[in-house]
Amino acid sequence: MEKRLKGKRVLVTQAGDYMGPATVELFREHGADVIANVSDLTPLPAAENVIREAGAIDILVANLAAPANVGTASLDIDDDMWARTFDLMVHPLHRLLRSVLPAMYERRSGKIVVYGSATGLKGLEGVSAYSAARAAQVGYVRSVGREAARFNVQVNLIAQNFVENEDYFPKEFQQTDYFKELMSRDVPIGRLASAREDAMFALFLASSESVFFVGQAIPFSGGWAQ
C-alpha cells in the first residue's frame, strides 16, 4: 500500500472522540507520525501549549466536536449552553491556527484539516447553538484559508453529517422509524457513512494530492447538503 503521509508529523486534537480514533488509525497506516492529543482545549493557554509541546508538525487535524443538543429550541438555549458550544468548537480553532501557522508560513508548507459539520451550511431545526458554532468554523476557515494559501499552506474543512458515531447516531436511534424515514427523505445515498470513509477524505485533504483546495468547506453528507 502506498504510504501517502510517509514521514509527515501530524497532530490530531480530541483524538479519543468523534472522528479522532478513525483518523489516528488511518493516518498511521499511511506512514504518519501521529500525535494523538486528548487535552481539553477550552482553557485559554491549552491550545497554545499543545502546539508548543508537539513541536514541528506538517499537518494539523482540528477535530473539535461537542454534543449537538438535538431538539433544543432556540428559546431554551441559555447563555451557558451557548457559550460552552463556542468554547468547545470555535475559540480553540482560532487559538490552534494562530499558534501553528507561523511555523508553517516560515516553511511555506503545511496542511490543516478541520472536521466541521454540514449544519454550518444548511439549516437544521433544533440545533441553533451547534449550527451557529459550526457556521463560525466555516467562515473562519474560508477567510484564513485565503490568507494561508499565499504561504503554500492549505486550510480546509469537511462539512460532515450522517457519519457513523455513537454520540450522534446511536444504534438504538438507527432502529427507529423516524431515523429510517429521515434516511429515505433527506439523505439521497440512503445510509450513514463509516468513520473510515470520512477519515479517507481527511487523508486526501492532508496529502500532497490536494494542494489546489483553498479555504473550502466541502460537504460530506450523502447528499443532505450541497
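Not measured: the values here are computed from a predicted model.
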| What pair of heavy atoms forms the shortest contact from F27 to A199, and how long is it? | CE1-O, 4.0 Å
| request: Answer whether the closest heavy-atom distance between the side chains of S208 and R4 falls below 4.5 Å. | output: no
| request: Could you grab the distance from atom OG of S128 to atom CG of D76, nearest 0.5 Å is fine? | output: 9.5 Å
| request: Taking H91 for its side chain and T42 for its backbone only, find out whether a donor-acceptor pair lies under 3.5 Å. | output: no
| said: Test side-chain contact (heavy atoms from CB on, under 4.5 Å) on L101 and V144; report intermediate values, then the result. | reply: CA-CA 10 Å; L101 280 173; V144 176; 3.8 Å; yes
| request: Measure across L121 and A159 and return the closest heavy-atom pair with its distance rounded to 0.1 Å. | output: CD1-CB, 3.5 Å
| said: Taking the side chain as everything from C-beta on, heavy atoms only, tell me whether M200 gets closer than 4.5 Å to L26. | reply: yes
| request: Examine the side chains of K8 and S207 and answer whether a donor and an acceptor come within less than 3.5 Å of each other. | output: no
| Exercise: identify the closest heavy-atom pair between P92 and L41 | CG-O, 3.7 Å
| If you measure from CD1 on I218 to CD on Q160, what distance do you get to the nearest 0.5 Å? | 12.5 Å
| note | For residues 214-224, the side-chain hydrogen bond (donor to acceptor under 3.5 Å, both in side chains) pairs (sequence neighbours left out) are none
| query | Does a side-chain heavy-atom distance below 4.5 Å link M104 with I112? | reply | yes
| query | Would you find more than 12 non-hydrogen atoms of other residues, nucleotides or ligands less than 6.0 Å from R185 atom CZ? | reply | yes
| query | Salt bridge between R9 and D33, side-chain N to carboxylate O under 4.0 Å? | reply | yes
| task | In plain terms, say whether E29 and R196 are close enough for a salt bridge, that is, a side-chain N and a carboxylate O under 4.0 Å apart. | result | yes
| field | Heavy atoms of other groups near E106 CD, more than 12 under 6.0 Å | value | no
| task | Working to the nearest 0.5 Å, report the span between CG of L64 and CD of Q137. | result | 6.0 Å
| said: If we ignore hydrogens and angles and just use 3.5 Å, is the side chain of N152 paired with the main-chain N or O of R108 as donor and acceptor? | reply: yes
| message | For R146, is the CZ atom crowded, meaning more than 12 foreign heavy atoms sit under 6.0 Å from it? | response | no
| V214/V155 under side-chain contact (heavy atoms from CB on, under 4.5 Å): CA gap, chis, key distance, verdict | CA-CA 6 Å; V214 172; V155 183; over 6 Å; no
| Carboxylate-amine/guanidinium proximity below 4.0 Å for E48 and R98 | yes
| field | CA sep, side-chain torsions, deciding dist, call: S210, K111, side chain to side chain donor-acceptor pair (under 3.5 Å) | value | CA-CA 9 Å; S210 61; K111 295 277 189 175; 3.0 Å; yes
| field | Heavy-atom pair with the smallest gap, counting every atom of L192 and E164 | value | CB-CG, 3.8 Å
| OG1 on T85 to CE on M81, rounded to 0.5 Å | 7.0 Å
| field | Cluster link F204 to V163, ILVMFWY, side chain under 4.5 Å | value | yes
| message | Quick one, V153 and E147 - any side-chain contact, counting heavy atoms below 4.5 Å? | response | no
| request: Test salt bridge (charged side-chain N to carboxylate O under 4.0 Å, His left out) on E197 and R191 and set out the steps. | output: CA-CA 12 Å; E197 285 178 290; R191 64 171 177 86; 3.0 Å; yes
| remark: When rounded to the nearest 0.5 Å, the distance separating NZ of K171 from CZ of F179 is 9.5 Å
| field | Separation between CG of D198 and OH of Y115, rounded to the nearest 0.5 Å | value | 5.0 Å
| Is Y168 close to F162 at the side-chain level, that is, under 4.5 Å between some pair of heavy atoms? | no
| query | Any side-chain heavy-atom pair from Q174 and F169 closer than 4.5 angstrom? | reply | yes
| Single-linkage hydrophobic cluster, 4.5 Å side-chain cutoff, V141 and L205 together | no
| said: For a quick test of reading the model, state the closest non-hydrogen atom pair linking V138 to A217 and the distance between them. | reply: CG1-CB, 3.8 Å
| query | Heavy-atom count around D40 CG within 6.0 Å, excluding the residue itself: above 12? | reply | yes
| Would you say L11 and L203 are hydrophobically clustered, going by side-chain heavy atoms of ILVMFWY under 4.5 Å? | no
| If you take all heavy atoms of L97 and P102, which pair is closest and at what distance? | O-CD, 4.3 Å
| Is it the case that one hydrophobic cluster holds both V61 and Y18, taking links as side-chain heavy atoms less than 4.5 Å apart, direct or via other members? | no
| query | Stepwise, does the side-chain contact (heavy atoms from CB on, under 4.5 Å) test hold for V114 with N156? | reply | CA-CA 6 Å; V114 180; N156 293 290; over 6 Å; no
| Would you say the side-chain atoms of S143 pair up with the backbone N or O of G139, donor to acceptor, closer than 3.5 Å? | no
| said: When you compare the side chain of Y130 with that of M89, does any pair of heavy atoms fall below 4.5 Å? | reply: yes
| request: Side-chain contact test, heavy atoms from C-beta onward, threshold under 4.5 Å: evaluate it for L96 versus T13 and give yes or no. | output: yes
| task | Quick one: do L60 and V113 satisfy side-chain contact (heavy atoms from CB on, under 4.5 Å)? Show the steps, please. | result | CA-CA 6 Å; L60 169 65; V113 181; over 6 Å; no
| query | Same cluster or not: are I59 and I158 linked, directly or through other Ile, Leu, Val, Met, Phe, Trp or Tyr residues, by side-chain heavy atoms under 4.5 angstrom apart? | reply | yes
